[in-house]
Amino acid sequence: MMDRGGALPLGQLAHTRQPATIKPAMTDHRPDPDALLASLNREEQRARRGKLKVFFGMCPGVGKTYAMLRSAQQELHEGVDLVVGVVETHGRTETEALLAGLPVIPRKEIEYKNIRITEMDLEAILARKPRLVLVDEFAHTNAPGSRHPKRYQDVVELLDAGIDVFTTLNVQHIESRSDAVRQITGATVHETVPDSVFGMADQIELVDITPEALRERLREGKVYMEGRAAAAAENFFKDTHLTALRELALRFVAEHVDKRLRELRSVGTFKTVWRSGERLLVAVGPSPSSTQLVRWTRRMAASQGASWIAVSVESSAPLEPDSKRRLEKNLSLARELGAEIVVTHDDDVADALVRVALQNNATQIVVGKSRNPRWIDTLKGGNLVDRLLRIGGTIDIYVVPAERSDQAEATWVNWRPAAVSPAHEYAEVFGALAALTLASWFIVPHSGYLSVGMFYLMAVIVLSLRVGPGPVFVAGVASALTWDYLFIPPLFTFRIDRFEDGLLFGTYFVVAFIAGQLTARVRAQERNERMREDRATALFHLTQAISAARTLDDAVFAALRQADKYFGAKTALLLDDGNGSALMPHFAGSFAINEKERGVADWAWRNRKKAGRFTDTLPSAEGFHLPLVREDTAIGVLVIKMPPDSVLTLAQRDLAESFANQLSQLVEREQLRAAGEREKLLAESDKLHRTLLDGVSHELKTPLAVLSAAVENLAAADNATRANLAEEIKTATRRLNRLVNNLLDQTRLESGALKPRLDWCDGHDLVNAAVDGVSEHLAGHPFEISIPRDLPLFRADAALMEQVIANLLLNAALHTPQETAIFLAAGLDRSKSRIFFTVADRGPGLPAAMRERLFQKFQRGDAARAGGLGLGLSIIRGFVTAQGGDVVAGENPGGGAVLTVYLPYKAHGDVPEE
Amino acid sequence: MSATKLTVLVIDDEVQIRRLLRITLEAAGINVVEADTGRIGLEEAARSHPDAVVLDLGPTWGASRS
């Protein structure tokens with residue numbers, strides 16, 4: 001895999017790769033696969049998401065809500081369909097004035113411990129589906145019993161539904177800044193928003209006023225309500241506090257914008273840096289002088305108030321274990337000192353540094369002064385500093401001299417062949433040369449010995465395309481000596497008499513040598529590219545496997561199998577048990593974790609640092625332990641157990657980190673989703689429970705009240721009244737009977753005990769029976785039936801169908817005003833081979849939004865009258881689907897609802913008799 | 001008798017309850033006026049000045065639909 005050894009067509013080589021030494025200054029700065037992936041995800045999400053605009057301020061009272069409403073008025077003016085989800089005016093009159101004319105979705109009342117709390121009506125907004133919704137106070141915590149515990153989760157749901165959101169937020173509510181705010185003001189902030197949520201903002205509008213202006217507003221009572229202003233000012237609105245908060249807010253927004261900028265840059269290819277802010281980049285190698293370099297850069301960055309990146313460039317030459325350890329140490333020092341670490345792969349260090357600098361918009365590059373002898377630098381295409389100056393464009397280059405250290409740099413390391421060539425390549429070299437020598441022996445009398453030299457040269461160059469640098473070098477030496485010995489006069493000696501021959505021989509050597517070097521470089525580059533590609537592919541496969549999985553367990557399983565494959569290792573995943581007290585192994589791991597590894601994983605988890613093999617912590621462990629870090633907690637540990645004698649390359653380490661990162665995102669997303677789901681389920685079951693209790697008690701009580709009252713009065717009543725009362729008793733009994741039957745049917749449906757008995761049915765009979773059953777309720781409605789005379793017999797469960805039709809009619813009769821017409825039609829839809837029964841009414845109709853949930857149990861139309869449990873339609877659907885049919889709700893042209901039941905139809909002859 | 005006939009307004013959204021009350025009250029010689037929602041109940045009360053109102057707790061307020 002490291003060395004393909006196969007021949008590459010010459011033409012393709014010439015077109016696709018240019019030898020490094022004559023490479024032009026600007027190479028293709030390919031996007032980093034990780035960054036590309038992250039940004040692709042984001043782009044993809046953006047396409048179907050609503051846009052989030054945050055009105056951001058330093059503290060309450062700067063006028064965020066006011067700014068938001070003004071923007072909203074502007075949008076409304078431009079014809080945008082917007083609604084107000086929730087806006088807190090805090091009684092400020094100017095703000096309230098701006099609210100005028102904006103359509104407001106009324107808040108929902110939630111009762112909690114006998115206190116009525118109003119919250120944003122998320123369902124209503126989702127049902128209304130405006131283009132834009134205003135949601136004040138992003139960090140708000142919802143009342144218990146709401147769909148989500150936090151308002152920002154509501155906002156995420158709105159964005160997911162493709163609705164744009166305007167919201168407001170203060171810097172103190174940003175999770176990563178809340179500590180700083182507490183230190184500044186002494187006030188603890190309870191409602192916070194994770195930074196990642198804030199990262200979703202497509203647009204941030206900083207609402208900024210000076211502390212003086214804010215205090216002025218405070219004095220005028222424009223902030224907070226009268227009476228509270230004085231006390232509030234004392235504590236929170238101190239001039240010093242405000243200035244500090246203001247800086248915090250400004251800096252936070254600046255950082256956010258900078259992050260977006262880097263993200264944008266990492267995707268595209270850019271040829272210059274933008275000096276929108278300073279960022280330093282330091283090249284870190286294994287040498288001790290790099291340690292000084294790191295410290296120097298950190299001082300420099302601190303004095304400029306800039307962020308910095310430490311870059312390690314991995315070349316195709318493998319590092320000694322010692323150097324590797326030192327490099328790792330230097331990198332971890334940089335990390336501790338606050339640098340962002342970037343590891344990249346390239347044989348050309350200058351090129352790699354410039355590429356990373358451009359991707360990250362770094363304006364300054366810091367490198368150490370080269371201590372190589374000049375001739376080595378020249379041979380390697382100029383020393384690093386010269387090359388950086390040449391290709392660095394507008395980037396500042398700092399060259400920091402290193403103090404003398406005891407450790408001499410092993411410059412020859414770079415000269416070693418990257419990989420030992422297999423023996424068959426040497427065999428190939430000698431075979432080719434022997435054949436050529438033999439041929440030349442016969443040709444030389446006709447062509448002269450100079451041409452033979454050309455043949456040998458050609459052979460060496462062709463060989464250099466096929467074999468590694470070692471065999472090429474051997475080929476060069478061997479062919480030169482053979483040429484000299486066999487062909488250059490005096491023959492059969494290594495002596496060269498003529499000056500021209502000596503010149504030729506010398507040139508031959510140099511050309512052969514350069515050819516070998518060039519090939520080695522081309523191959524190394526090719527290998528690098530392949531490695532980069534492998535990594536991108538691995539990540540791609542990982543995300544694909546994850547996204548194809550339906551559950552978290554499936555996804556973890558798929559991810560771990562991918563990891564097994566790419567590291568040739570066994571992997572396991574430990575996740576925290578939900579309350580952060582212990583790690584639990586996930587069943588998808590490919591090996592069982594023993595007590596010792598458990599301990600290492602535990603350490604990695606608690607310290608949020610890599611541990612175990614290939615690290616400084618507990619290196620005697622068998623596994624390489626990577627914590628899954630989200631924000632500032634670790635939610636689990638990925639353990640990779642490589643075969644005992646294997647080494648972990650930096651590229652693999654990178655890949656492992658990417659895997660861990662993907663896994664942690666996956667787990668976190670799943671955990672959040674599950675939490676939301678649980679909340680929703682709880683709320684739903686709670687609602688169901690209440691509805692059921694309310695419904696059942698009401699539905700039972702009414703007929704029972706009628707019954708008891710009627711029976712009580714029966715004795716004293718005269719004959720006429722007695723007959724009336726008897727009629728009422730009959731009605732009430734029927735109603736009770738129907739209710740109990742409905743409940744039983746629903747139970748039967750849910751327990752799965754319902755087995756339809758299909759038999760040939762006559763549509764006319766079914767309808768007549770059903771209409772008889774509910775005739776009393778139909779009495780107040782003009783009623784029309786339309787069934788074709790020749791409606792064929794069809795297979796159905798007669799009892800179930802009769803009840804279905806009765807329920808349809810009952811539903812229409814109960815939910816429409818008296819004297820409005822009801823129609824029943826049945827027929828055969830031959831084109832789709834199905835029988836249909838349709839009941840249409842002229843009632844209030846069904847809004848599109850509730851048609852789907854209409855068929856769920858205990859769902860009742862928004863305009864439904866008192867009475868009824870909301871079971872009728874749920875039972876219809878249950879009965880119909882049990883017979884292989886379907887029920888659809890629609891709108892009656894000219895007003896009213898239409899409910900249609902479909903049953904599959906087969907002609908009499910097509911169905912085998914049971 | 002008609003001069004002293006009492007009038008009772010029944011406000012309830014359950015038609016059966018209204019019917020039952022009508023039967024029993026009329027059997028006792030009381031004039032019954034019905035309303036199925038709170039709003040209509042108020043209108044009816046203003047119009048017929050009932051001597052008593054039989055009121056469902058928390059009646060439906062919205063528009064009349066029957």
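Labels below follow one simple rule: chain letters A, B, ... track the order of the sequence lines, proteins then strands, and each chain is numbered from 1.
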With heavy-atom distances below 4.5 Å as the criterion, would you say the side chains of A/Val706 and B/Arg19 are in contact? no
Could you list which of residues 20-27 of chain B have a heavy atom closer than 4.5 Å to any heavy atom of chain A, in residue-number order? B/Leu20, B/Ile23, B/Thr24, B/Ala27
Could you tell me which residues satisfy side-chain contact (heavy atoms from CB on, under 4.5 Å) with A/Asp718, sequence neighbours excluded, listed by chain and number? A/Ala720, A/Thr721
Quiz: residues 47-54 of chain B side-chain donor-acceptor pairs under 3.5 angstrom, not counting sequence neighbours:
unit_1, atom_1, unit_2, atom_2, d
B/Ser48, OG, B/Glu44, O, 2.7
B/His49, NE2, B/Ala46, O, 3.4
B/Asp51, OD2, B/Thr7, N, 2.7

Do you know which of A/Pro703, A/Ala709, A/Ala710, A/Ala732 has the most heavy-atom pairs with chain B at a distance under 4.5 angstrom? A/Ala732
Hits for side-chain contact (heavy atoms from CB on, under 4.5 Å) against A/Ile785, two or more places apart or cross-chain, chain-then-number order -> A/Val767, A/Val771, A/Phe783, A/Ile787, A/Leu824
Got a donor-acceptor contact below 3.5 angstrom from the B/Gln16 side chain to the A/Glu728 backbone? yes
